Protein chains: 2
Amino acid sequence: MQQSLGREASNAYGFRRVSPQRRAIADAALGLDGAFTVDDLTRNVALAGQPAGAATVYRAVAAMEAAGWVERVGERGGHALFAHCSDGHHHHHLVCEGCGTVRATACPVERITQDSPELDGFVVTRHEVTLYGLCPQCAVQRADGA
Amino acid sequence: MQQSLGREASNAYGFRRVSPQRRAIADAALGLDGAFTVDDLTRNVALAGQPAGAATVYRAVAAMEAAGWVERVGERGGHALFAHCSDGHHHHHLVCEGCGTVRATACPVERITQDSPELDGFVVTRHEVTLYGLCPQCAVQRADGA
DNA sequence: TTTACTGCAAATCCTTTGCAGTCTG
DNA sequence: CAGACTGCAAAGGATTTGCAGTAAA
């Protein structure tokens, strides 16, 4: 596992200095195995007994995003949605619209951004992909008419 | 063709009543074969001689989106990006980072959201994809060292 | 005539930024 | 100590909404 961070004394999470707030924020981000908004994080750290101001959370998230620990994966009701990136390799996210859980998945685009005849000369250098749907549990519940 | 709209007298574009502004807005949306922001639309209709207020454009876009004539395809510099849906078929956009041109392309995700073992039970119901890169012209220019 | 659409301005809302103080390294 | 981080409050910027007037059907 490339990401045992979180308990190390310093420079973890991509921060230069680790304050209690940032530790709580990072832990919340790593803990919430789904996608989260800045608001979720703010609420979470408050519940964890280490409240942090909105600006602080935004700044911490920006730092983690810059460091590659989290990634913006879309939005939910006007709020930016982030997700914790399990490791450095290129991947995308499966966002369950039932329970909000987010799972990583291999990049489905790489396979076709190289040779697609439709691209017709267009050189793809970057892409954004987010898949929404239902995780197995939610899919079953829905099928059951829950 | 499912979308000969635009010249019909009324109820076209998904509007209940067609004002000059809305006609201009819809024409601009259909005309810009790439993606556009509300701002692009506003500027465009003004140039076309039929200026419309921001609120009007937002409302018109919302109406067109509700009617399925346009679709939100992402964002560009903090502005929501929309694209005219040429017809009912599913597609995505190629955004050239050289000249800003946007082209539609067949959905590259469909091929793998059906049978991917990585999905492992996750049912993909919706996805957002935007490919960024260089269109043929820009790619050539860059190769030339332009 | 009915009521959808317009436009301005005010209001929202998420996110960013300025600043002075605090705390990590 | 140096300078990163915090928090408050104000700023910023896109989008929405209220309302009275205009015009499409």
Side-chain angles (χ1 to χ4, degrees), chain A residues 5-29 35-43 45-46 48-67 69-82, chain B residues 5-29 35-43 45-46 48-67 69-82:
Chain A
L5 60 95
R7 309 309 169 199
E8 277 65 69
S10 59
N11 279 60
Y13 311 111
F15 303 147
R16 305 204 219 183
R17 291 186 186 177
V18 182
S19 64
Q21 290 90 334
R22 289 203 165 187
R23 182 179 302 276
I25 292 167
D27 280 346
F36 51 84
T37 61
V38 167
D39 220 55
D40 292 333
L41 240 36
T42 304
R43 215 174 307 120
V45 297
Q50 184 47 264
T56 297
V57 181
Y58 273 105
R59 280 186 280 228
V61 169
M64 292 192 291
E65 187 182 10
W69 296 115
V70 302
E71 186 182 9
R72 175 168 287 156
V73 299
E75 69 152 56
R76 176 165 66 197
H79 302 57
L81 249 195
F82 295 87
Chain B
L5 60 95
R7 310 309 168 200
E8 275 66 67
S10 59
N11 278 59
Y13 312 110
F15 303 146
R16 305 202 219 183
R17 289 185 188 177
V18 182
S19 64
Q21 291 92 332
R22 290 204 163 186
R23 182 180 301 277
I25 292 167
D27 280 346
F36 51 83
T37 61
V38 167
D39 220 55
D40 292 334
L41 238 37
T42 304
R43 215 174 307 120
V45 296
Q50 184 48 264
T56 298
V57 180
Y58 273 104
R59 281 186 279 229
V61 169
M64 292 192 290
E65 188 182 10
W69 297 115
V70 302
E71 185 182 10
R72 174 167 288 156
V73 299
E75 68 151 55
R76 179 164 64 198
H79 300 57
L81 251 194
F82 296 87

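We name chains A, B, ... by the order of the sequence lines, and we start the count at 1 in each one. Just so it is clear, the structure is predicted and the values come from calculations on it, not from any experiment.
- A:Tyr58 contributes atom OH, which lies 10.5 Å from atom CG of A:Leu41 (distance to the nearest 0.5 angstrom).
- The side chain of A:Arg22 contributes an N or O atom lying less than 4.0 Å from OP1 or OP2 of D:dT6.
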_The test is salt bridge (charged side-chain N to carboxylate O under 4.0 Å, His left out); show your working for A:Asp39 and A:Arg43 and say whether it passes._
CA-CA 6 Å; A:Asp39 220 55; A:Arg43 215 174 307 120; 2.9 Å; yes

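- The distance between atom CD of A:Gln50 and atom P of D:dG7, rounded to the nearest whole Å, is 7 Å.
- At a cut-off of 3.5 angstrom, the base of D:dT16 holds no donor-acceptor pair with the side chain of B:Arg59.
- Heavy atoms of A:Pro20 sit nowhere under 4.0 angstrom from any nucleic acid atom.
- Note on A:Ala52: only backbone sugar-phosphate atoms sit closer than 4.0 angstrom, heavy atoms only; bases stay farther off.
- Here A:Tyr58 reaches the OP1 or OP2 of C:dT15: one of its side-chain N or O atoms lies under 4.0 Å away.
- With rounding to whole Å, B:Asp40 atom CG is found 11 Å from D:dT15 atom P.
- In this structure, the side chains of B:Arg22 and B:Arg59 come closer than 4.5 Å at one or more pairs of heavy atoms.
- Counting any heavy atom pair closer than 4.0 Å across all strands shown, A:Ala80 reaches sugar-phosphate atoms only and no base atom.
- For B:Phe15 and D:dA24, the CZ to C1' distance is 14 Å, given to the nearest whole Å.
- The nearest whole Å value for the distance from the CG atom in B:Leu81 to the P atom in D:dT15 is 10 Å.
- A:Phe82 has its side chain out of reach of A:Asp40: every pair of non-hydrogen atoms, C-beta onward, lies at least 4.5 Å apart.
- If B:Ala55 and B:His79 are placed on DNA chain D by their nearest nucleotide, the residue sitting closer to the 5' end is B:His79.
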*Please lay out, stage by stage, how B:Asp27 and B:Gln50 fare under the test side chain to side chain contact (heavy atoms under 4.5 Å, CB included).*
CA-CA 11 Å; B:Asp27 280 346; B:Gln50 184 48 264; over 6 Å; no

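- The interatomic distance linking A:Phe36 (CZ) with C:dC14 (P) rounds to 17 Å, in whole Å.
- Atoms CZ (A:Arg16) and P (D:dG3) sit 11 Å apart, rounded to a whole Å.
- Under 4.0 angstrom from either OP1 or OP2 of C:dG7 there lies at least one side-chain N or O belonging to B:Gln21.
- Regarding A:Arg17, its CZ atom lies at a distance of 10 Å from the P atom of C:dT24, rounded to whole Å.
- Using a 4.0 Å heavy-atom cutoff across all strands shown, A:Ala54 reaches no nucleic acid atom at all.
- As rounded to whole Å, 16 Å separates atom C1' of D:dT6 from atom CZ of A:Arg23.
- Using a 4.0 Å heavy-atom distance criterion, A:Ser19 is classed as a sugar-phosphate-only contact.
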